[in-house]
Amino acid sequence: MSNLDDFIKKNSKYLKLGEGESFEGIYEGQKVTASTFDPEKETVVYTLKHADGQKLFWQTASVKVARFVSKLEPGALIRVKRSGAGTNTKYELSSPDM
C-alpha cells in the first residue's frame, strides 16, 4: 500500500474495503436513508468505530448485511471481510458477541 493509500484510509469517513481486505471494530448503530446513486431506493449507513476511537460510516444496500447487523446490539464487536468486485462483491460478517 502506498503512502497515499494509507492517507486515504486514515482520513476517509467511509469504510472502503478492497478485495480481500477486512475491518474489525465496534458497531454503533445504523440509519436507513436514500441511496446516493438512486434516490428512489433506500440504503443503510452503519456507524462503526475502530479500536482507537475513529468513527467510520459504511453504506450498503445489502439485505444480507442488514439481516446480520439487525442481530447486533450497539457496542458489539463486528468483523467485515470483502471478497469480489463490482456486482460480485460479497461480505463475510462475524461477531464474537453473537
Side-chain angles (χ1 to χ4, degrees):
M1 189 179 304
S2 74
N3 288 341
L4 192 53
D5 288 337
D6 255 354
F7 173 82
I8 292 167
K9 281 204 177 272
K10 288 180 183 175
N11 292 289
S12 177
K13 291 184 182 204
Y14 281 85
L15 177 65
K16 301 279 187 194
L17 298 175
E19 164 71 29
E21 289 185 324
S22 60
F23 166 85
E24 184 173 313
I26 305 296
Y27 165 70
E28 291 199 322
Q30 53 77 27
K31 178 181 176 184
V32 177
T33 186
S35 171
T36 55
F37 302 110
D38 184 349
E40 293 181 7
K41 293 185 179 179
E42 291 183 321
T43 188
V44 183
V45 178
Y46 301 95
T47 305
L48 307 172
K49 186 169 64 173
H50 280 285
D52 67 3
Q54 179 190 6
K55 194 176 281 195
L56 291 171
F57 302 100
W58 180 35
Q59 185 172 351
T60 179
S62 168
V63 173
K64 178 183 174 187
V65 170
R67 280 191 186 116
F68 180 86
V69 174
S70 72
K71 299 173 189 167
L72 293 177
E73 294 291 327
L77 185 64
I78 186 170
R79 293 182 184 121
V80 181
K81 183 174 181 181
R82 178 187 172 166
S83 62
T87 58
N88 292 323
T89 297
K90 303 255 187 279
Y91 294 103
E92 181 182 321
L93 302 158
S94 63
S95 175
D97 295 333
M98 287 180 70

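All values below were derived from every heavy atom in this structure, side-chain atoms included, with hydrogens, water molecules and symmetry-related copies excluded.
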Compare every heavy atom of T43 with every heavy atom of A61, then report the nearest pair and how far apart it is. N-OG1, 3.4 Å
Walk me through whether V44 and T60 qualify under side-chain contact (heavy atoms from CB on, under 4.5 Å). CA-CA 6 Å; V44 183; T60 179; 5.8 Å; no
Partner set under ring-ring contact (aromatic ring centres under 6.0 Å, His included) for Y91, not counting sequence neighbours: W58
Please, which pairs that meet salt bridge (Lys or Arg N to Asp or Glu O under 4.0 Å) have at least one residue in residues 34-58, sequence neighbours excluded? E28-K49, E28-K55
Mind jotting down which residue pairs meet the ring-ring contact (aromatic ring centres under 6.0 Å, His included) criterion with at least one end in residues 61-82? Sequence neighbours excluded, please. none
Using 30° and 60° as the class limits, which term best fits the ring planes of Y14 and F57: parallel, tilted or perpendicular? tilted
Quick one: side-chain hydrogen bond (donor to acceptor under 3.5 Å, both in side chains) pairs with a partner in residues 63-88, sequence neighbours left out? E24-R79, R82-T89
List the residues meeting side-chain contact (heavy atoms from CB on, under 4.5 Å) with F37, not counting sequence neighbours, and say none if there are none. S35
Can you confirm whether L48 sits close enough to I26 that some side-chain heavy atom of one is under 4.5 Å from a side-chain heavy atom of the other? no
Mind listing the closest non-hydrogen atom pair of A34 and P39 along with its distance? CB-O, 4.1 Å
Qualifying residues under side-chain contact (heavy atoms from CB on, under 4.5 Å), relative to V69, sequence neighbours excluded: Y27, Y46, V65, I78
Are F7 and L56 joined in one hydrophobic group, where the rule is that I, L, V, M, F, W and Y side chains link up if heavy atoms are under 4.5 Å apart? no
Decide whether F23 and M98 are clustered together by the hydrophobic rule: side chain heavy atoms of Ile, Leu, Val, Met, Phe, Trp, Tyr closer than 4.5 Å, transitively. yes
